[in-house]
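Contents: one structure, followed by commentary.
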There are 2 protein chains.
Amino acid sequence: MSKTENIPDIGKHGDDFSAMFAALGDPTRLAIFDRLADGRPRSISTLSDDADMTRQAVTKHLRVLEAAGLVQNHRVGRESQYAFCPDQLAQARAYLDQVAGRWESALMRLKSFVEDDEE
Amino acid sequence: MSKTENIPDIGKHGDDFSAMFAALGDPTRLAIFDRLADGRPRSISTLSDDADMTRQAVTKHLRVLEAAGLVQNHRVGRESQYAFCPDQLAQARAYLDQVAGRWESALMRLKSFVEDDEE
DNA sequence: ATAAAGTGCAACTTTTTAGTTGCATAATGA
DNA sequence: TCATTATGCAACTAAAAAGTTGCACTTTAT
């Protein structure tokens, strides 16, 4: 286990993001999340209607999304409404932007290196 | 299975994104991906050095990332170099932006609805 | 009051994923 | 040449995830 290379600070914050990506990493969950992006809260039954699986399965998916902070739940009467929650989405976007930014910077450095080499 | 509500076109493209998110949804893989964002290709051994798991495990993770189009592999001599691949990352960002956009639009509509109601 | 709708909990099976080990093979350096 | 380094393949174990079923409970509508 040589520690020669610089070790990125993943593990400090990287795990958090991976949990959120994991929540989105299931087609059913991503579909639910995508659907809730119109702002309208929906009950579990409503969300289960279009899914080709049990209500219980959908419930589990919703709890995974909730645990990841991607949706919010509040009970109204006998039904529990799940609603889109934009905060974590913003976090995910910020993270991906940051990664893309590092990549761009690396490209720039490589470009200027090549240019320096050519003159 | 009532089809009263409008069904989003997830499944047409949503599954693709979920596969990519799933690839990023593991802390080890996200760490590798994050690390490769500096543009420097690295061999499997190099990437295994800092990981607290077997080289084979890292290899599997790299193949998952490769299958998702997040990294590229090419063999040089006896070692196989894995490099950052920005295309899919851009796709992911675009998708999240689109979702966030839909959410924003929904907020706007709600806002103007409330304003209309108040006057 | 009572049936129906919406949900929750718990136990269970099945499938996938993460990780390991052992062995074989190609490329490199002394 | 021969040891070393880097990798690939296959079989395996262990753990997590996905999904099911059955039953109980609360809320709503008739």
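We name chains A, B, ... by the order of the sequence lines, and we start the count at 1 in each one.
- Residues A:F84 and A:L89 are in side-chain contact: their nearest non-hydrogen atoms beyond the backbone lie under 4.5 Å apart.
- Look at A:H61 and you won't find any side-chain N or O under 4.0 angstrom from OP1 or OP2 of D:dA17.
- Proximity of A:T54 to the phosphate of D:dT20: a side-chain N or O atom is located under 4.0 Å from OP1 or OP2.
- Running 5' to 3' along DNA chain C, contacts with non-hydrogen atoms of chain B at under 4.0 Å begin and end at C:dA18 to C:dT28.
- Smallest separation of non-hydrogen atoms from A:R55 and A:I44: CG-CG2, 3.8 Å.
- D:dC25 atom C1' lies 13 Å from atom CZ of A:R78, rounded to whole Å.
- For the pair A:E79 CD and D:dT28 P, the computed distance is 9 Å after rounding to whole Å.
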Do any side-chain atoms of residues 60-77 of chain B form donor-acceptor pairs under 3.5 angstrom with protein atoms, and if so which ones, sequence neighbours left out?
residue : atom : partner : partner atom : Å
B:H61   : ND1  : B:R29   : NH1          : 3.1
B:N73   : ND2  : B:S80   : OG           : 3.2
B:N73   : ND2  : B:Q81   : O            : 3.4
B:R75   : NH2  : B:R78   : O            : 3.2

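- Backbone-only contact: A:S45 has heavy atoms under 4.0 Å from sugar-phosphate atoms and none from a base.
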Checklist entry - Taking it one step at a time, do B:W103 and B:V99 satisfy side-chain contact (heavy atoms from CB on, under 4.5 Å)? => result CA-CA 6 Å; B:W103 163 255; B:V99 173; 5.7 Å; no

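- Within 4.0 Å (heavy atoms only), B:S80 reaches sugar-phosphate atoms of the nucleic acid but no base atom.
- For the pair B:E66 CD and D:dG8 C1', the computed distance is 14 Å after rounding to whole Å.
- In this structure, A:M53 atom CE and D:dA17 atom P are separated by 16 Å, rounded to whole Å.
- You'll find the side chain of B:D34 reaches within 4.5 Å of the side chain of A:R102, heavy atoms only.
- Between B:Q56 and A:A22, the residue anchored closer to the 5' end of DNA chain D is B:Q56, taking for each the nucleotide with the nearest heavy atom.
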Item to check | A:R35 and A:D50: CA distance, side-chain angles, deciding distance, side-chain contact (heavy atoms from CB on, under 4.5 Å) verdict | outcome: CA-CA 11 Å; A:R35 195 174 168 194; A:D50 301 333; 2.9 Å; yes

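- Between the side chain of B:R55 and the base of D:dG8 there is at least one donor-acceptor pair of N/O atoms closer than 3.5 Å.
- Residue contacts shown for B:R75 are limited to sugar-phosphate atoms, with no base heavy atom under 4.0 Å away.
- In this pair, B:Y95 and B:F21 present their aromatic rings tilted. The plane angle is within the 30 to 60° band.
- Toward the 5′ end of DNA chain D lies the nearest nucleotide of B:Q81, the other residue of the pair A:R29 and B:Q81 mapping further downstream.
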